[in-house]
Asks: 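I'd like to ask you about the structure that follows.
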Amino acid sequence: MDPMQTPVDHDVVIIGSGFSGIGMAIALQRSGRSFTVLEKAHDIGGTWRDNLYPGCACDVPSHLYSFSFEPNPYWSRAYATADEIQDYLLYVVEKYDVRKDVQFDAQVTRGVYDESLRVWHLTVLGSDGVETHLVAGAVVLGVGALHEPSLPDIPGLETFAGEVMHTASWDPGASMFGRKVGIIGTGASAVQAIPLLAEDADHLTVFQRTPAWVLPKVDPEYPDALQDAYDKRPWLMKLHRAKIRTANELRAIAFTRVPALLKAASAGAAANIRRSVTDPELRRKLIPDYTMGCKRITFSNAYYPALAREDVDVETEHITGADARGLVTADGARHDLDVLVLATGFDVAGSYRHLNFTGARGHDLGEDWDAGITSYYGVTVPHFPNLFFLLGPNTALGHTSVLMMIEAQIALTLRLLDERDRRRAGAVQVREAVAQAHMAALDRRTQRTVWIAGGCDSWYLDQFGRNRVLWPGSVPEYERATRRTEMVDYEFTGSRASVSSSR
Ligand code: NAP
């Protein structure tokens, strides 16, 4: 078929309606392109719709964890809770009228790039079990990497008679009152959930493999008068945002260039743990032996007091199995439980593998990435033309708001689409050699970061010990680099398919 005559349903299909997908939708709406958003759930949102565990909040200040084009004077406190962030996203969706462009209960189960027509064929599964097909001139993945729950491989877990809940698939109706609760994990999600679980449960056992560095949280409420001031004087709010942005960026220096600063700060943080926990045995369990920042630093004033409660135990023995009554640890101890909470994080590679994307010349995204993730600024991937990632590899952050990264990636995606169309080309993809050189440069830079030098094992590192999750620099540097990326780094090929009216 002549590519010029290929009917595509949409110029762009966005997968996911979290911050990435909605930000992209608004940008496409402004640019006048035809697009649709496919959302596998029944409502808008991603992280902040799904993570309903008690205590869920963002540890990035809200005035920075919002779109730059849609500041919100009404944040109620420095660090908003999950539901306040979700309300903000819903407000943005209504204000920009993008709900009509979202297809709900639409799970993409397959994506195949058609090399002759230079389009993507997407298979979409509805909640009614019916499969439909879409043809897209380009696909934007707004699915994120922290999305598929990672489940621990515990022998016998399927025989446990109590309730099992992952923090990212929480039943909001679940009650912990009067129940014996166990929680596996002490990462960012667990640190937020544990204080509230401890309050409600009859007894809480925290199964800790590696302790987290938990710092005090300064989280003031914003009084009405301040919210009014931000509303009436937007420059004041902008100033506040700029202040937070600058302060957070200073942290990037410690993470990416001078981990010795974090080593020194670790001593102060350890002193804080000693002050908060009087039991020497518990202290010994809770003070990490790796440098702060090697894993995500978490913030809570309630975490250590919760662990010090009489009705809370911290179990550091390895979990060896489960049976109908609960968990068994390596020392042979039995831990009877009514509820087991899995705060065990996410399957980063699986988040993309489940999409089943096949690019040019039969390249399978999952298989390619099993052999080693390659991308260019986390947005484009060799052999996957007309495919764009938001918050893709090496673009997560440990020091500040990822929304700034998302906005830079949206801008780059639009620039590439515009350039493709200006050249009347059918496809744009990054040159493989360019992406490989980029990854090699990232690897060199990552060597001096705390993620490598900090002495821990984390999900930031792949099976080869290379960081494939975090951006090893500052946000301004990423913004500059993506703004200046040269078009010569990309291949523009073929001629353009025509867009039929949206079905
Ligand atoms: P996580 O950081 O991956 O933590 C998972 C925890 O479970 C770790 O303590 C891990 O121990 C433990 N674990 C995993 N598998 C285990 C097993 N088989 N047996 C025993 N322990 C096991 O997951 P998360 O806390 O859900 O956080 C994930 C990410 O989400 C964060 O890094 C952050 O990017 C994001 N997040 C952000 C916020 C926020 O406020 N912005 C809040 C929550 C989450 P090891 O350390 O030994 O592996």
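Computed from a predicted structure; not experimentally measured. Whatever order the structure lists ligands and atoms in, that order sets their numbers, starting from 1. All values below come from the heavy atoms of this structure, side chains included, with hydrogens, waters and symmetry mates left out.
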Asks: Aromatic contact between F19 and F67, with the criterion being ring centroids under 6.0 Å apart: yes or no?
Replies: yes

Asks: Could you work out, with side chain to side chain donor-acceptor pair (under 3.5 Å) as the rule, every residue matching N72, not counting sequence neighbours?
Replies: none

Asks: Would K217 and Y79 count as a cation-pi pair here, with the cationic atom under 6.0 angstrom from the ring centre and within 45° of the axis?
Replies: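 Positive - K217 is close enough to the ring of Y79 and near enough to its axis.
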
Asks: Using a 4.0 angstrom limit on heavy atoms, which residues are close to ligand 1?
Replies: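 Within 4.0 Å of ligand 1, protein side: Y53, A57, C58, D59, L146, P152, I184, G185, T186, G187, A188, S189, Q192, R209, T210, K295, R296, A343, T344, G345, F346, W459.
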
Asks: By the ring-ring contact (aromatic ring centres under 6.0 Å, His included) test, which pairs, at least two apart or in different chains, include something from residues 310-343?
Replies: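 Non-adjacent pairs meeting ring-ring contact (aromatic ring centres under 6.0 Å, His included): F207-H335.
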
Asks: Measure from NZ or CZ of R468 to the centre of the six-membered ring of W369 and say whether it is under 6.0 Å with the direction within 45° of the ring axis.
Replies: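 No, R468 does not lie over the aromatic ring of W369.
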
Asks: Can you run down the ring-ring contact (aromatic ring centres under 6.0 Å, His included) pairs that involve residues 158-206, sequence neighbours left out, and say none if there aren't any?
Replies: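 Checked against ring-ring contact (aromatic ring centres under 6.0 Å, His included) - neighbours excluded - the pairs reaching residues 158-206 are H166-F346.
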
